[in-house]
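Labels below follow one simple rule: chain letters A, B, ... track the order of the sequence lines, proteins then strands, and each chain is numbered from 1.
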There are 2 protein chains.
Amino acid sequence: MAATRPTATLEDVARLAGVSRSTASRAIAGGSISRAAYDRVAAAVRQLGYVPNQAARALARRTGLRLVVATSGPSPEILDDPYLDRVVTAVARVCAEHDVGVAAAWLPLRPGRQLTRLVEDPGLGGVILINPTGWLVDVLATLLPGRVASIGVGNPAVPSFDVDNAAGTAALVQHLYAAGRRRMAMVTGPGWLPCAARPVREYGRLMRAAGLPVRLVVGDFSADRGRVAAGEVLRRWPDTDAVLGASDATALGVIAGLRDCGVRVPDDVGVTGFDDVPFAALAAPALTTARHPVTEIATAAAHAVLGRLPGPPEVLFPSPMVLRASA
Amino acid sequence: MAATRPTATLEDVARLAGVSRSTASRAIAGGSISRAAYDRVAAAVRQLGYVPNQAARALARRTGLRLVVATSGPSPEILDDPYLDRVVTAVARVCAEHDVGVAAAWLPLRPGRQLTRLVEDPGLGGVILINPTGWLVDVLATLLPGRVASIGVGNPAVPSFDVDNAAGTAALVQHLYAAGRRRMAMVTGPGWLPCAARPVREYGRLMRAAGLPVRLVVGDFSADRGRVAAGEVLRRWPDTDAVLGASDATALGVIAGLRDCGVRVPDDVGVTGFDDVPFAALAAPALTTARHPVTEIATAAAHAVLGRLPGPPEVLFPSPMVLRASA
DNA sequence: CTGTTAGCGCATTCAG
DNA sequence: CTGAATGCGCTAACAG
């Protein structure tokens with residue numbers, strides 16, 4: 001740090017290219033500029049190994065250089081979640097390429113101090129919303145125009161990235177049906193989570209279309225809840241021959257709960273999960289599930305807010321089924 | 001963003017406190033200042049809800065505002081690891097309180113372009129090294145004095161934070177011994193990883209002290225490798241009655257591999273892991289393991305480099321044993 | 001399209 | 001101990 005020559009500044013680039021600072025700035029940040037000037041600046045940049053000082057840029061532009069991954073939920077504890085860990089890390093890797101950083105924050109379900117503090121923060125470069133409710137997206141869309149992306153529900157002004165869990169659910173249901181299962185129950189995600197509703201709707205739609213019974217038990221994505229829910233399913237509908245878990249953790253819990261009741265998986269009851277976490281393949285029996293491409297989704301969202309890409313307002317990532325032993 | 005009053009600036013604080021900007025700056029950043037002036041500035045800060053603009057501060061101070069979690073390893077793929085996800089997220093949460101961000105980067109095992117780019121980056125606020133080799137710590141210690149912390153091996157100038165996996169291993173070995181196991185094998189972590197050597201040493205020490213055989217198979221923390229390693233253990237030492245996995249994933253793989261060979265766990269062979277990942281409790285049999293307090297460690301490391309805390313040069317976090325069914 | 005002129009908000013000299 | 005002045009590196013009007 002001491003011995004290295006000071007990193008080149010825009011001034012140096014301009015001088016070497018024989019243009020003014022502003023021209024160099026335009027060439028780099030992308031303003032209207034002549035082809036000739038652009039080329040000379042580009043050459044100077046390359047020769048000097050120039051890399052813009054993000055702090056200076058943020059200061060002049062009055063726009064922060066920190067992406068915040070904001071998770072909306074009932075309490076801060078929802079931040080303790082492997083799913084979120086993967087999102088934050090994926091975003092951090094994209095950030096590394098853009099010389100910005102990421103921070104993680106919690107947002108309550110209703111507006112409050114946290115929200116105002118977030119949007120008033122001058123260091124804020126953009127926000128990636130995790131599973132936001134509709135009003136939250138709308139509020140942020142107007143407060144931080146062009147600097148918001150959503151992993152979950154979107155909005156005409158906020159690009160959204162999510163897994164096509166309706167299709168994933170459909171694939172799972174069809175597989176179970178093909179395997180002869182006719183009395184399928186579902187252990188859902190938490191009720192306050194918008195994105196958790198989609199699989200439930202799809203499941204309901206398919207059951208009704210096939211003339212099969214709808215059997216819903218509310219879960220919360222956790223294994224503990226899944227374990228308990230398995231008992232509830234069995235008590236209310238003893239002839240159930242399949243259980244769809246809203247997450248792999250739920251499904252693993254369901255399997256444990258079923259085993260507690262002396263039910264065999266997959267012989268008596270088939271069980272499916274959702275996510276395809278690493279341990280899904282190691283479980284006994286190995287879990288049949290649908291993949292949740294978390295990293296790809298988070299990466300796309302990060303690129304969207306960092307690059308201000310227009311792009312389609314909503315992109316759904318496919319959720320391929322992974323066939324294993326549990327169903 | 002449009003309607004909100006512009007966030008208070010140092011100028012505003014100074015005016016309200018009736019002092020000059022410099023004095024206000026000193027009061028906040030901590031320079032020599034009179035008690036009276038300090039109090040007035042503090043009051044103004046509180047009243048205005050002033051929060052320093054980190055971009056401006058970084059620019060003036062010539063010191064970045066991004067923490068980089070740098071993972072050293074043979075290839076960038078090592079970034080795809082749930083362990084790292086937890087570290088990055090924990091750091092991101094600490095960063096949120098300090099108005100800075102975090103980015104994730106990979107560093108090759110030998111010096112190279114990646115390293116120079118990292119230390120020359122003017123936006124760099126500090127580095128948290130993950131499992132670095134000795135030379136890497138030394139290099140960064142001199143290049144970025146006072147702005148480095150290590151999760152793994154340290155150095156007199158670089159505070160290190162790690163799990164006391166030697167003690168964790170000892171507890172596991174003693175438990176196995178007390179349960180009557182006498183022929184314990186260990187599936188290790190990757191050889192290039194410094195921190196992976198400690199449990200191996202401790203295991204070797206205890207075996208020799210007890211006059212028991214040392215049975216080592218090299219692993220890589222992965223479940224796949226664990227599964228294969230289980231077969232190797234059985235082939236080389238058929239009378240093995242316990243296997244210590246270097247990680248929970250390894251142990252889960254070992255259990256699967258043992259089962260492939262028709263060996264019962266824990267009846268024939270006891271298996272232990274290390275980490276206590278969420279799924280350890282859900283496995284069948286549930287995994288006996290030693291806890292790895294990743295979040296606490298990462299949080300401490302982040303505080304150390306953000307707060308420039310002197311503190312002890314090395315802190316080892318306890319690794320309590322978690323007794324379950326697998327051993 | 002280009003150069004000139006002002007700041008962005010803060011830390012730091014340097015006198016007093 | 002304090003205030004006035006200077007500059008960090010860059011972008012954004014503004015004329016030309």
Side-chain angles (χ1 to χ4, degrees), chain A residues 1 5-42 44-45 48-66 98-100 120-125 308, chain B residues 1 5-42 44-45 48-66 98-100 120-125 308:
Chain A
M1 204 77 188
R5 68 184 184 312
T7 57
T9 155
L10 187 57
E11 182 77 50
D12 302 327
V13 173
R15 196 176 321 128
L16 182 64
V19 298
S20 74
R21 267 216 318 270
S22 339
T23 302
S25 173
R26 290 188 195 98
I28 291 165
S32 29
I33 200 175
S34 72
R35 176 58 192 263
Y38 178 87
D39 287 341
R40 308 184 56 192
V41 172
V45 164
L48 262 33
Y50 169 76
V51 34
N53 180 320
Q54 296 293 343
R57 175 175 282 184
L59 185 58
R61 239 180 210 167
R62 302 137 147 267
T63 167
L65 37 81
R66 219 169 65 245
H98 290 252
D99 289 334
V100 305
E120 279 181 1
D121 177 359
L124 184 63
R308 311 258 177 122
Chain B
M1 202 82 186
R5 69 181 182 313
T7 57
T9 155
L10 188 56
E11 181 76 50
D12 302 327
V13 173
R15 196 175 321 126
L16 183 63
V19 298
S20 73
R21 269 215 317 270
S22 342
T23 303
S25 175
R26 291 189 195 98
I28 290 165
S32 33
I33 200 174
S34 71
R35 177 58 193 262
Y38 178 87
D39 288 342
R40 307 183 56 190
V41 172
V45 165
L48 260 34
Y50 169 76
V51 35
N53 180 320
Q54 297 292 343
R57 174 174 282 184
L59 185 58
R61 237 181 212 166
R62 314 143 134 242
T63 167
L65 36 73
R66 217 169 67 246
H98 291 250
D99 289 334
V100 305
E120 280 182 357
D121 177 358
L124 183 62
R308 309 263 177 116

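We find that CG of A:Leu65 is positioned 14 Å from P of C:dG9, with the value rounded to whole Å. Rounded to an integer number of Å, the gap from B:Ile33 CD1 to D:dG3 C1' is 12 Å. Remark: P of C:dG9 and CG of A:Asp121 are 14 Å apart, rounded to the nearest angstrom.
The two residues A:Arg21 and A:Leu10 come nearest to each other via the heavy atoms O-CD2, 4.0 Å. Taking each heavy atom of A:Val41 and A:Val19 in turn, the nearest pair found is CG2-CG2, 4.0 Å. Minimum heavy-atom separation, B:Ile28 to B:Arg57: CG2-NH2, 3.9 Å. Here the closest heavy-atom approach between residue A:Ser32 and residue A:Arg26 is recorded as O-CD, 3.9 Å.
Contact annotation: A:Ser34 reaches the phosphate of C:dT2 (side-chain N/O to OP1 or OP2, under 4.0 Å). For A:Ser20, no side-chain nitrogen or oxygen approaches OP1 or OP2 of C:dT4 to under 4.0 Å.
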Check your understanding: Which letters describe nucleotides 8-16 of chain D, given B = protein heavy atom under 4.0 Å from base, S = only from sugar-phosphate, - = neither?
Key -> BBBBBB---
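The salt bridge (Lys or Arg N to Asp or Glu O under 4.0 Å) test applied to B:Arg61 returns no partner, not counting sequence neighbours.
With rounding to the nearest 0.5 angstrom, the OG1 atom of A:Thr9 is 8.5 Å from the CG atom of A:Asn53. Distance check, rounded to the nearest 0.5 Å: CD of A:Glu11 to OG of A:Ser20 gives 9.5 Å. Interatomic distance, A:Leu124 CG to A:Thr63 OG1, rounded to the nearest 0.5 Å: 8.0 Å.
Terminal axes of the helix from C:dC1-D:dG16 to C:dG16-D:dC1 (five pairs each, C1' rotation axis) are separated by 30°, to the nearest 10°.
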